[in-house]
Amino acid sequence: MAEDKKMKKFEELAQKRVSDTLKKLQLIGNLANKNNYDYTDKHVKQIIEALENEVRILKNKFSEVSKERSTEFKFK
């Protein structure tokens, strides 16, 4: 019974958090509109690297491996 409750909680939180994250990724994608924003290839590379790094960490967490991570993004 406790396992069912834990899985239900996981599913509820995962659906909410993944949906929120997908919306945020779409907002980041909106930054690609050159009519509204100016940016360099260096900016794009840094954004993609930050996102890809966090996805790698996420995959590792589900594989029982973790490492420190940043919650902030800044251009270098």
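Along the sequence shown, residues are numbered consecutively beginning with 1.
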Open item on the list: For the CD1 atom of Ile28 and the CD1 atom of Ile48, what is their distance to the nearest 0.5 Å?
Closed with: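 Nearest 0.5 Å value for the CD1-CD1 distance: 8.5 Å.
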Task: Spacing of Leu58 atom CG and Thr21 atom OG1 [to the nearest 0.5 Å] - done: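 Result: 9.0 Å between the selected atoms.
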Listing, residues 32-41 side-chain donor-acceptor contacts under 3.5 Å, not counting sequence neighbours, or none:
residue: Asn33; atom: OD1; partner: Asn35; partner atom: N; Å: 2.8
residue: Lys34; atom: NZ; partner: Tyr39; partner atom: O; Å: 3.4
residue: Tyr39; atom: OH; partner: Ala32; partner atom: O; Å: 2.8
residue: Thr40; atom: OG1; partner: Lys42; partner atom: N; Å: 3.3
residue: Thr40; atom: OG1; partner: His43; partner atom: N; Å: 3.1
residue: Thr40; atom: OG1; partner: His43; partner atom: ND1; Å: 3.1

Task: Pairs flagged by salt bridge (charged side-chain N to carboxylate O under 4.0 Å, His left out) wherever residues 43-55 is involved - sequence neighbours left out - done: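 Qualifying pairs, neighbours excluded: Lys45-Glu49, Glu54-Arg69.
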Open item on the list: Side chains of Ile47 and Phe73, heavy atoms from C-beta outward: is any pair under 4.5 Å?
Closed with: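 Heavy-atom side-chain distance check passes, below 4.5 Å.
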Task: Pairing residues for Lys9 by the side chain to side chain donor-acceptor pair (under 3.5 Å) criterion, not counting sequence neighbours - done: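 Side chain to side chain donor-acceptor pair (under 3.5 Å) check on Lys9 returns nothing, list empty.
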Open item on the list: In this structure, would Val18 and Phe62 fall into the same cluster of hydrophobic residues linked by side-chain contacts under 4.5 Å?
Closed with: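 Each belongs to a different hydrophobic cluster.
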TODO: For atom CZ of Phe75, decide whether the heavy atoms of other residues, nucleotides or ligands shown that lie under 6.0 angstrom number more than 12.
DONE: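 Atom CZ in Phe75 is crowded, with more than 12 foreign heavy atoms closer than 6.0 Å.
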For [X], which residues count as a salt bridge (charged side-chain N to carboxylate O under 4.0 Å, His left out) partner, sequence neighbours excluded?
| X | answer |
| --- | --- |
| Glu11 | none |
| Lys74 | Glu72 |
| Lys16 | Asp20 |

